[in-house]
Amino acid sequence: MTDYAKLIDAQTWAFIERTNSFYPPDTVDCSVDQQRAIYDRMCREFHAGYPDGISAQTAAIATPSHAIPIRLYRAATPDPSAMVLYFHGGGFILGGLESHDDVCAELCQRTGYDVVSVDYRLSPEHLYPASHEDGYSAFEWAARGYRCPILLAGDSAGGNIAAAVAGRYRHHPRAPAGQVLIYPGFGGDHTRGSYITHANAPMLSTRDMAFYQKMRTGGADVSRDAGFAPLRVTDFSGLPPTVIVTAECDPLASDGPDYRDRIVEAGGRAWCHEEKGLVHGYLRGRHTVDRARRSFSRIVDALKALGKGEWPY
């Protein structure tokens, strides 16, 4: 039994308790509509506002079948070195432009890069691969509209989508210049590592993950699909420079180093840092938890470096 009383500090426990007050651990037993209402309220409670000098414009990417809502964040004095495509977390069933609104605004302010948040289609109304197809469409839109390097970023489910985009477009003329993935899930081995050690971690459990996967696929077995599970890719060559930041107290923690190792073995550049004592979803605690604040700075620094073609590790 993992002793979280020793791993997690007082600031992080306060963040967990505040989160649970809005989004109780048994929310997974509610209907999807109820879960979304609860999640959206929690995100509103944690919203930190926009930094000075940041503007945001909501628009849409037209596809033959539907429109993909996006939100473009721009600094008062933008840095044209790169732009960031951001894919939000939420287990593929929750979240949207509002859930990670302040995170994207702060990434924009601290990097100077344009940040585009992608409101991909959610399950169960739109089963896999709808979410990823929207990610692919967003990349193609960015490749047409921006001349600067394109960076991919995302947390949790969004990290999975970003990795799938990186894999699909690694040989594209405008191939992604880098990716920064925050506590992502890559479809790792559920019988070992963090999937066992942290099966019942605060904020995310393997029970939660099983529910999300069922909603994402409608019960179909697509576990060998490389887009669904980036660790199932057979060729890791040509992937962009990759920075992965994981939370120690998270069932998904093992996926990060596994993905890093595959990229490095294939001759690429990848770095993974495990944030000690942090939990899944800690981005919302970046203003109240010192460990999360330092981690957010690491994420910002990684994006800034990759956008300038630098490898900081």
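Computed from a predicted structure; not experimentally measured.
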Subject >> Gap separating the CZ atom of Phe22 from the SG atom of Cys43, nearest 0.5 angstrom >> reply: 11.0 Å
**OP:** Not counting sequence neighbours, which residues clear side chain to side chain contact (heavy atoms under 4.5 Å, CB included) with Thr197? List them please.
**Re:** Thr2
**OP:** Output, in order, the C-alpha distance, side-chain angles, deciding distance and verdict of side-chain contact (heavy atoms from CB on, under 4.5 Å) for Arg260 and Ile244.
**Re:** CA-CA 8 Å; Arg260 171 204 61 201; Ile244 309 157; 4.1 Å; yes
Original post:
How far apart are the C-alpha atoms of Phe15 and Phe46, what are their side-chain angles, what is the distance that settles it, and do they pass the ring-ring contact (aromatic ring centres under 6.0 Å, His included) test?
Top reply: CA-CA 10 Å; Phe15 164 69; Phe46 276 96; 5.6 Å; yes
Original post:
Would Val245 and Val103 show up in the same hydrophobic cluster when neighbours are defined by side-chain heavy atoms closer than 4.5 Å?
Top reply: yes
**OP:** Consider only side-chain heavy atoms of I, L, V, M, F, W and Y, link residues closer than 4.5 Å, and tell whether Ile150 and Val300 are in one cluster.
**Re:** no
Original post:
Quick one: which of Ile8, Thr12, Leu278 gives a side chain to side chain contact (heavy atoms under 4.5 Å, CB included) with Cys249?
Top reply: Ile8
Original post:
Who are the side chain to side chain contact (heavy atoms under 4.5 Å, CB included) partners of Pro129, not counting sequence neighbours?
Top reply: Glu133
**OP:** Look only at the side chain of Asp255 and the backbone of Gly185, and say whether a donor-acceptor pair between them is shorter than 3.5 Å.
**Re:** no
Original post:
So, are Asp290 and Arg293 salt-bridged, with charged N and O less than 4.0 Å apart?
Top reply: yes
**OP:** Could you tell me whether the side chain of Arg216 and the main chain of Pro124 form a donor-acceptor pair under 3.5 Å?
**Re:** no
Original post:
So if you build clusters from Ile, Leu, Val, Met, Phe, Trp, Tyr with side-chain heavy-atom gaps below 4.5 Å, do Val222 and Val233 land together?
Top reply: no
Original post:
Charged N to carboxylate O below 4.0 Å: is that the case for Arg71 and Glu98?
Top reply: yes
Original post:
Any Lys/Arg nitrogen of Asp102 or Arg286 sitting under 4.0 Å from an Asp/Glu carboxylate oxygen of the other?
Top reply: yes
Original post:
Going by atom types alone, do Arg110 and Ser297 pair a side-chain donor with an acceptor below 3.5 Å?
Top reply: yes
Original post:
Strictly by modelled atom types, are Ser137 and Glu140 linked by a side-chain donor-acceptor pair under 3.5 Å?
Top reply: no
Subject >> Asp52, CG: over 12 other non-hydrogen atoms inside 6.0 angstrom >> reply: no
**OP:** Test side-chain contact (heavy atoms from CB on, under 4.5 Å) on Val116 and Trp141 and set out the steps.
**Re:** CA-CA 11 Å; Val116 175; Trp141 169 86; 3.9 Å; yes
Original post:
Cation over ring, Arg168 on Phe139, under 6.0 Å and within 45°?
Top reply: no
Original post:
Will you find, in the side chains of Glu275 and Ser295, an N or O donor that is under 3.5 Å from an N or O acceptor?
Top reply: yes
**OP:** Only pairs at least two apart or in different chains count here, so list each salt bridge (Lys or Arg N to Asp or Glu O under 4.0 Å) that has a residue in residues 22-36.
**Re:** Asp29-Arg207, Arg36-Glu125
Subject >> Sub-4.5 Å side-chain heavy-atom contact between Phe92 and Gln213 >> reply: no
Original post:
Just checking, is any N or O donor in the side chain of Asp208 or Ser205 under 3.5 Å from an acceptor N or O on the other one?
Top reply: yes
Subject >> Side chain proximity check, Arg298 to Val180, heavy atoms < 4.5 angstrom >> reply: no
Original post:
Does any donor atom in the side chain of Tyr120 or His132 lie under 3.5 Å from an acceptor atom in the other side chain?
Top reply: no
Original post:
So if you build clusters from Ile, Leu, Val, Met, Phe, Trp, Tyr with side-chain heavy-atom gaps below 4.5 Å, do Leu303 and Tyr86 land together?
Top reply: yes
Original post:
Does anything in residues 275-308 pair up under ring pair (Phe, Tyr, Trp, His ring centres under 6.0 Å), and if so which pairs, sequence neighbours excluded?
Top reply: Tyr183-His280, Tyr183-Tyr282
Subject >> Set of residues satisfying side chain to side chain donor-acceptor pair (under 3.5 Å) with respect to Arg74, sequence neighbours excluded >> reply: Asp114
Subject >> Side-chain touch Gln179/Pro240, heavy atoms, less than 4.5 angstrom >> reply: yes
**OP:** Any chance you could lay out the side-chain contact (heavy atoms from CB on, under 4.5 Å) test for Ile68 and Thr63, step after step, and finish with the verdict?
**Re:** CA-CA 8 Å; Ile68 305 168; Thr63 77; 3.7 Å; yes
**OP:** Can you see which heavy atom on Ala253 is nearest to which on Ala247, and at what distance?
**Re:** CB-O, 3.3 Å
Original post:
Just checking, is any N or O donor in the side chain of Asp101 or His47 under 3.5 Å from an acceptor N or O on the other one?
Top reply: yes
Subject >> Stepwise side-chain contact (heavy atoms from CB on, under 4.5 Å) check, Leu94 with Met215 >> reply: CA-CA 11 Å; Leu94 308 171; Met215 291 295 102; over 6 Å; no
Original post:
Do Thr27 and Gln35 get their side chains close enough for a donor-acceptor pair, meaning under 3.5 Å?
Top reply: no
Original post:
Between the side chains of Glu106 and Tyr50, does any donor sit under 3.5 Å from an acceptor?
Top reply: no
Original post:
If you look only at pairs with a residue in residues 226-271, which of them pass as a ring pair (Phe, Tyr, Trp, His ring centres under 6.0 Å), with sequence neighbours excluded?
Top reply: Tyr128-Phe228, Phe186-Tyr259, Trp271-His273, Trp271-Tyr313
